[in-house]
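Notes to accompany the following structure.
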Amino acid sequence: MSTITNAVSWFEVGTDRPEETGRFYADVFGWAFTEQGSPETSYRVVEPGPEGSIQGAIRATGGAGPNYAVFYVQVADVADTCRRAEAAGGKVLVPLKSNDNGLTFAHLLDPAGNHFGVFAPPPAGA
């Protein structure tokens with residue numbers, strides 16, 4: 001993951017058919033994946049591509065929501081970014097959450113309704 005804040009540095013494809021979706025991207029772009037989830041919560045991280053490329057993953061939704069593709073902007077403070085987005089006319093779609101490693105993220109909508117995510121990596125040493 002990039003260490004540059006306010007830059008697009010991650011993408012995620014959410015799907016109810018992770019096997020098929022992974023095969024599609026492998027066939028089209030030659031991507032390989034490393035599974036970092038479980039069979040129920042599959043999270044297939046794209047193995048590093050060419051230097052400077054944005055990294056990402058395919059996440060199994062289990063049919064719990066619509067399929068999607070979203071980009072993430074790395075920020076210094078997710079809560080502050082959510083506040084600034086709302087003040088600028090956007091909306092918080094998925095409120096701030098943290099994973100077990102301390103990574104924080106949220107999903108936002110811009111004023112035109114476009115969906116994107118923001119995240120802050122875990123604190124150093126976490």
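In what follows, every heavy atom counts, from backbone to side chain, and hydrogens, waters and symmetry copies are set aside.
Side-chain contact of Arg44 with Ser42: a donor-acceptor pair under 3.5 Å is present, judged by distance alone. Side chain to side chain, Thr5 and Gln74 fail the donor-acceptor criterion of an N or O pair below 3.5 Å.
Here the side chains of Val75 and Phe119 are not in contact, with every heavy-atom distance at 4.5 Å or above. Taking the side chain as every heavy atom from C-beta outward, Pro18 and Glu20 never approach each other to under 4.5 Å. Contact annotation: the side chain of Val73 never approaches that of Ser9 to less than 4.5 Å [non-hydrogen atoms, C-beta and beyond]. Residues Glu12 and Tyr68 have side chains in contact (heavy-atom distance under 4.5 Å, counting atoms from C-beta outward). For the pair Asn114 and Phe116, the minimum side-chain heavy-atom distance is 4.5 Å or more.
Side-chain atoms of Glu35 come within 3.5 Å of backbone N or O of Tyr43 as a donor-acceptor pair. One N or O on the side chain of Asn67 and one on the backbone of Asp16 form a donor-acceptor pair closer than 3.5 Å. For the pair Thr21 (side chain) and Thr15 (backbone), a donor-acceptor distance under 3.5 Å is absent. Under a 3.5 Å cut-off, the side chain of Thr41 and the backbone N or O of Gly37 do not form any donor-acceptor pair. The backbone N or O of Leu103 sits nowhere less than 3.5 Å from a side-chain atom of Asn101 that would complete a donor-acceptor pair.
Closest heavy-atom contact between Ser98 and Leu96: OG-CD2, 4.4 Å. When all heavy atoms of Ala57 and Trp10 are compared, the closest pair comes out as CB-CZ2, 3.9 Å. Ala106 and Cys82 make their closest contact through CB-SG, 3.6 Å (heavy atoms, listed as atom of the first residue, atom of the second, distance). Listed here is the closest heavy atom pair of Pro111 and Ala88: CG-O, 3.9 Å. What you find for Phe33 and Gly22 is that their closest heavy atoms are CE1-O, 3.4 Å. When all heavy atoms of Gly102 and Pro123 are compared, the pair lying nearest together is O-CD, 4.1 Å.
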CA sep, side-chain torsions, deciding dist, call: His107, Tyr72, ring pair (Phe, Tyr, Trp, His ring centres under 6.0 Å): CA-CA 9 Å; His107 288 215; Tyr72 285 82; 5.5 Å; yes
Step-by-step side chain to side chain contact (heavy atoms under 4.5 Å, CB included) determination, Val92 to Glu86: CA-CA 7 Å; Val92 176; Glu86 288 179 318; 3.6 Å; yes
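Here CZ of Phe11 is found 8.5 Å from OG of Ser53. Values are rounded to the nearest 0.5 Å. To the nearest 0.5 Å, atoms CZ (Arg84) and CG (Asp77) are separated by 8.0 Å. Leu108 contributes atom CG, which lies 8.0 Å from atom NE2 of His115 (distance to the nearest 0.5 angstrom). Gln36 contributes atom CD, which lies 14.5 Å from atom CZ of Arg59 (distance to the nearest 0.5 angstrom).
Placement of Val13 and Leu93 in two distinct hydrophobic clusters is found when ILVMFWY residues are connected by side-chain heavy-atom separations under 4.5 Å, directly or transitively. Both Val45 and Phe105 belong to a common hydrophobic cluster when Ile, Leu, Val, Met, Phe, Trp and Tyr are linked at side-chain heavy-atom distances under 4.5 angstrom. Hydrophobic clustering, with ILVMFWY side chains joined whenever heavy atoms are under 4.5 angstrom apart, groups Ile54 together with Phe71.
The aromatic rings of Trp31 and Tyr25 lie parallel to each other, their planes meeting at an angle below 30°, with 60° marking the opposite boundary.
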